[in-house]
Structures are given as C-alpha cells and as structure tokens.
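To start, the structure itself, in structure tokens.
Both backbone and side-chain heavy atoms feed into the values below; hydrogens, waters and symmetry mates do not. We count residues from 1, following the sequence as given.
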Amino acid sequence: MSTQGFDPNQAQNLLEVRVIARFAVKAVEHAQTYWNIIEKVPPRGLRLTKLDDEIYEHVMSAFPELSGDDHEKLVKLDEDWLKSEDGKKRWRAFVNAYEKKVKDFNFGSLIRTDARLEYSETNTIFVTRMQFYAIEIARNRLGLNDTIHEIAKADAEKEVQLKKEREAAKASEIS
C-alpha cells in the first residue's frame, strides 16, 4: 500500500466534514419529524418525553423570564440571550440535570426562533436536545404552537377540497 500523496491533515478534515454532515442530517430529520407532528396533532396535548411535566416545571422555575410579557421570550427566542455567558452557564446546568434521564440530552437540534413561523433558514437556530424539549414543551403547554397547528389543519383541508374538485372535474370530462 502506497502512502504517497496521502495528507493526514486532509483526511482528518474530510472525516470531520462527514461527521458534521451526518450530525446535520439527523438534526434536520428531527426538525421535520417534529414539524409533521405539530401540524397533525394539537400541540397542547402533545408529549415529547416521559418527563414533560418535570421538564416544564424545571424550565419555568430555572428561567422565570420565560413567563413574563405574555411569554414573549418563548414566542421569539433571543439567540444572544441563549448563548450569552450567563445563558450558557444557566442552560448548561439545566441540560446536565437530564444527563442520565433523557437519551441524547445534549445532541444537537434545530429550533424555530419564532414560534409563529415554520422552520426556515432565517427562523432556525441550533440548540441542544434538552433546550429543544424545554422550549417546545413550554410552547406547547402555553398554546404558543396552536396557531401553526390550526394553519396546517386548514391548509390540509383546502388540499383535500382541491383534490376532490380536480377529481370531479376530471370525471365530468370523461363522461
């Protein structure tokens, strides 16, 4: 086996790129799955983990600022607040409390910065799985994801109606 032309630094970089790509694919798949669920299931009754009650109580007590101003900090996430020195310290303590309780507790997830909008390049940030659970459980419990669900439900009903109309038009053309 020849090692001529082999650059170990390039090999390491290629490996890192592949790992990051797999990580990104998993995060996107998780976001798509969650989006599909909140479109179809009323979010207020949705359970994301077996520990939803504990997580909700913990996040609301650890971050009392999430309760103020009609929950504006939950409706529209402030990435600077989440990732500030104080925010990192507080979130790290919160997340680590679930190390032995929640699988993939520190795995990366994508979250919508504005609960009123769907996932998009400008409405998405990267957080840990526990931050995702904490924020989305709170959003669901407080009804902050209800609008998204209702819009999706109305869109689905419109699609069904359009399909019926197209089928009826096609049937009338045939006869």
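Gln131 meets the side-chain contact (heavy atoms from CB on, under 4.5 Å) test with Leu82, Trp91, Val95, Val127, Thr128; sequence neighbours excluded. In this structure Ala62 satisfies the side-chain contact (heavy atoms from CB on, under 4.5 Å) test together with His58, Phe94, sequence neighbours excluded. Remark: Ser120 engages Thr122, Asn123 in a side-chain contact (heavy atoms from CB on, under 4.5 Å) (not counting sequence neighbours). The side chain to side chain donor-acceptor pair (under 3.5 Å) test applied to Glu54 returns Lys101, not counting sequence neighbours. Taking Glu165 as the reference, Gln161, Leu162 meet the side-chain contact (heavy atoms from CB on, under 4.5 Å) condition, with sequence neighbours excluded. By the side chain to side chain donor-acceptor pair (under 3.5 Å) test, Asp104 is found to be paired with no residue, residues two or more places apart in sequence or in another chain being considered. Residues satisfying the side chain to side chain donor-acceptor pair (under 3.5 Å) criterion with Arg92, sequence neighbours excluded, are absent altogether.
Sorted by first and then second residue, the side-chain hydrogen bond (donor to acceptor under 3.5 Å, both in side chains) pairs involving residues 145-156 (not counting sequence neighbours) are Tyr34-Asn145, Arg44-Asp146, Arg112-Asn145, Glu136-Asn145, Asn140-Asn145. For the salt bridge (Lys or Arg N to Asp or Glu O under 4.0 Å) condition, no pair includes a residue of residues 122-131, sequence neighbours left out. Listed by first and then second residue, the side-chain hydrogen bond (donor to acceptor under 3.5 Å, both in side chains) pairs involving residues 63-80 are Glu65-Trp81, Glu65-Arg90, Glu79-Lys83 (not counting sequence neighbours).
Counted by atom type alone, Asp52 and Thr49 present one or more donor-acceptor pairs between their side chains at under 3.5 Å.
Residues Ala27 and Phe126 share a closest heavy-atom pair of CB-CE1, 4.1 Å.
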